[in-house]
Amino acid sequence: MLRLRLEEGLGLVLCGLACALLAALVTYNPADPSFNTATSQPPTNLLGTVGATVADSLLQGLGLGAVLPALVLVAWGWRFLSHRVLDFESWPLLALRMGAIVCLLPVCSALLAAIRLLFTALPALGWPTQAGIGGGLGRSIAQASIAAGMAAIGPAGGMVIWLLGGLLAIMLAALGTGLRRQEWSALWRATVVVTTLPGRLARRFVRSYANSRPAMENGTPLPHPGAQNTFYDGTLPNGALFDDEHEDPYATPYAGQPRATGTAAGHAPAAPAMGAMAGGTGAAAGTALILHTPDSPTQRPAPGSYTHLTLPPKLEV
């Protein structure tokens, strides 16, 4: 039981070291004091002078490959937490895995540095160190490897060496971490989800925004969710309420019921109700309200073509 707790504690320590290393790399500042920079200003790195020195050394030597030690620490921390190291690994195999990790770091740095040497049309990438994305060690290995490949094979020799280096890096990573096939599959699925999540969220937002905003084409509302409102069906007209409303492309569509006019209903148009309103008498249920008063500056529509509003049965005007 004590041995299991020690394994779990060691796994937590490794995961903590990985997080600390990532924090030092993320907060790296080339102006912080380090082996390459002599200054009297206080460090801005999250881990102070130690973090600034470690981050500068890794980035100068390995470039972007400086992230690999943190990932390897997380992988081995997971293995210790799941109790799959001491009882399953022999000491020669552990030594072989450590050697694979040591070889993996310069190989990955060389692969990153070779990108700028092989694909010269790519735009320059802003990198905080002068050594480049592959670091000084990776750049020297990449230059020697590409030159040897071109001398042996020809112009395509550099690309062949780069592809072979990628295969070597995959094998070294599998050997160095000791993760199972199921764990690699889970990591691949998680990577795919994380990389495609912003695009999926953006498409969902655009689709939701397009469905929630009423679109009008040629004065006719396009079908969209929520276009029908059962509460106002039969009480609001289907056409425009004002003369200039048909010119507004963002006007809210009314209920989808057919517009009830005097001629459409099959009978003569109803008499204007303004006279009844002026006389003080109550309007009966179903009285049509003319939207233009006699003294309105707007021209009154022809009889039978105006739009009216049906009132509830108990509403008096």
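Computation of the quantities below employed the complete heavy-atom set of this structure, encompassing side-chain atoms and omitting hydrogens, waters and symmetry-equivalent molecules.
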Close side-chain approach of [X] to [Y], heavy-atom, < 4.5 Å:
X: Leu25; Y: Leu59; result: yes
X: Val107; Y: Leu172; result: yes
X: Pro69; Y: Leu105; result: yes
X: Leu46; Y: Val26; result: no

Are [X] and [Y] connected in the hydrophobic side-chain network, where two residues link if heavy atoms are under 4.5 Å apart?
X: Trp91; Y: Phe80; result: yes
X: Val85; Y: Leu93; result: no
X: Ile101; Y: Leu175; result: no
X: Leu168; Y: Ile115; result: yes
X: Leu22; Y: Trp78; result: no

Quick check for you: to the nearest 0.5 Å, what is the distance between [X] atom [atom1] and [Y] atom [atom2]?
X: Phe35; Y: Thr53; atom1: CZ; atom2: OG1; result: 5.5 Å
X: Leu179; Y: Ser185; atom1: CG; atom2: OG; result: 11.0 Å
X: Trp76; Y: Leu81; atom1: CH2; atom2: CG; result: 13.0 Å
X: Ser82; Y: Glu183; atom1: OG; atom2: CD; result: 6.5 Å
X: Ser109; Y: Leu64; atom1: OG; atom2: CG; result: 8.5 Å
X: Leu112; Y: Leu68; atom1: CG; atom2: CG; result: 8.0 Å

So which atom in [X] and which in [Y] form the shortest heavy-atom distance, rounded to 0.1 Å?
X: Pro106; Y: Val102; result: CD-O, 3.0 Å
X: Arg79; Y: Thr177; result: CD-O, 3.1 Å
X: Leu137; Y: Leu62; result: CD2-CD2, 4.1 Å
X: Ala24; Y: Leu47; result: CB-CD1, 3.8 Å
X: Ala52; Y: Ser34; result: O-CB, 4.2 Å
X: Leu58; Y: Ala66; result: CB-CB, 3.6 Å

task = Count the heavy atoms of every other residue, nucleotide or ligand shown that sit under 6.0 Å from CZ of Phe119, and state whether that count exceeds 12.
result =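 Check passes, neighbour count above 12.
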
Exceeds 12 heavy-atom contacts within 6.0 angstrom, atom CZ of Arg200 = no

task = Would you mind checking if Arg97 and Glu89 are paired as a salt bridge, meaning a charged N to carboxylate O distance below 4.0 Å?
result = yes

N-O pairing of Arg3 and Glu8 below 4.0 Å =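 Salt bridge: no.
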
key: Arg181 to Trp184 six-membered ring, cation-pi geometry met (6.0 Å, 45°)   =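 That pair does not qualify as a cation-pi contact.
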
ask   = Is a side-chain donor or acceptor of Ser208 paired with a backbone partner of Phe205 at a separation under 3.5 angstrom?
value = no

Sequence neighbours left out, cut at 3.5 Å: what donor-acceptor pairs do the side chains of residues 121-135 make with other protein atoms?
residue: Trp127; atom: NE1; partner: Thr129; partner atom: OG1; Å: 3.0
residue: Trp127; atom: NE1; partner: Gly132; partner atom: O; Å: 3.1

task = Report the C-alpha distance between Thr44 and Thr27 in whole Å, list the side-chain angles of each, state the deciding distance to 0.1 Å, and finish with yes or no for side-chain contact (heavy atoms from CB on, under 4.5 Å).
result = CA-CA 8 Å; Thr44 59; Thr27 58; over 6 Å; no

ask   = How about Tyr28 and Asn45: does a side-chain donor come under 3.5 Å of a side-chain acceptor?
value =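 No - no donor-acceptor pair under 3.5 Å links their side chains.
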
request  = Applying side-chain contact (heavy atoms from CB on, under 4.5 Å), run through Leu21 and Val54 and close with a yes or a no.
outcome  = CA-CA 8 Å; Leu21 181 58; Val54 172; 4.1 Å; yes

ask   = Between Val74 and Leu14, does a side-chain contact (heavy atoms from CB on, under 4.5 Å) hold up when you go through it step by step?
value = CA-CA 7 Å; Val74 171; Leu14 293 178; over 6 Å; no

List, one per line, each side-chain donor-acceptor pair under 3.5 Å for residues 142-165, sequence neighbours excluded.
residue: Ser145; atom: OG; partner: Ile141; partner atom: O; Å: 2.8
residue: Trp162; atom: NE1; partner: Leu111; partner atom: O; Å: 3.1

